[in-house]
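Just below is one structure, and these are the notes that go with it.
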Amino acid sequence: LNVLLISLLIGLLNTVLCLLIGYPLAYILANKKFNKNYVLVMLFVMPMWINFVLRTGALRDLLNWIGLNTGEYPLVTTMIGMVSNYLPFTILPLYSTMLKLDQNQIEAAMDLGCNKFQVFIKSIIPQTIPGIVSAAMMVFMPTISSYVISDVLSEGKITLFGNSIYLSFSNSDWNSGSFMALIMLIIIFITR
């Protein structure tokens, strides 16, 4: 239960951080004033073409090189790894939703006297809720079940639920591993 609670907290923190970073980036990428072509979008998508384990190992080496030792700061380095690996999964659904924003509704809100903050809160965010929900689901559940990032970047000091399942199966503890995998399926079913 302790590992599940830690996994849920890290998953929630990663989801919030990815949304806080990815939402403005997706908005800028979807804005036709700033993005005349799809090259900028491809710059965010291209890292997903590289193997997940290779990206994580390269990030570990980069963090150690800049002085952020993965063994000394396991939570910080794990969160950096989680955000950098799952940020494209946040940007893409938000970007595709923001491309379909009803500009007439935004202009009408400004014409009716709303300032930019009110337009953002009352018009843009409600239109992008499907993208927010999709991005949150694409980040939250894989974060909980991830084990490579936390294992490599925390040097084994942070154990997520995916780590526990992997360790149970690798130690031939089939009952515990199957039970934890069933719990993951229930969580996925509930959040769906």
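Treat the numbers as computed from the prediction; the structure is a model and nothing was measured.
Counting all heavy atoms, side chain and backbone alike, Gly113 lies closest to Gln118 at O-OE1, 4.1 Å. Nearest heavy atom pair, residue Ser164 against residue Thr159, reads OG-CG2, 3.8 Å. Closest approach of Ser7 to Phe161, counting heavy atoms only: OG-N, 2.7 Å. The shortest non-hydrogen separation linking Pro126 to Pro130 is O-CD, 4.4 Å. The shortest non-hydrogen separation linking Ser123 to Ile106 is OG-CG1, 3.6 Å. Nearest heavy-atom pair across Pro142 and Tyr86 is O-OH, 3.3 Å.
Checked by atom type and distance alone, the side chain of Thr128 never pairs as donor or acceptor with a backbone atom of Gly131 at under 3.5 Å. Here the side chain of Asn171 pairs a donor or acceptor atom with the backbone of Leu167 at under 3.5 angstrom. Judged by distance alone, the side chain of Thr77 and the main-chain N or O of Leu153 form a donor-acceptor pair under 3.5 Å.
Partner Ile80 forms a side chain to side chain contact (heavy atoms under 4.5 Å, CB included) with one of Leu62, Ile149, Leu68, Leu17 and no other, that one being Leu68.
The aromatic rings of Tyr23 and Phe120 stand perpendicular to each other, their planes meeting at an angle above 60°, with 30° marking the opposite boundary.
In this structure, Phe179 places its CZ atom where only 12 or fewer heavy-atom neighbours from other residues, nucleotides or ligands lie under 6.0 Å away.
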Step by step, would you call Met184 with Met141 a side-chain contact (heavy atoms from CB on, under 4.5 Å)? CA-CA 9 Å; Met184 280 297 297; Met141 289 313 297; 3.7 Å; yes
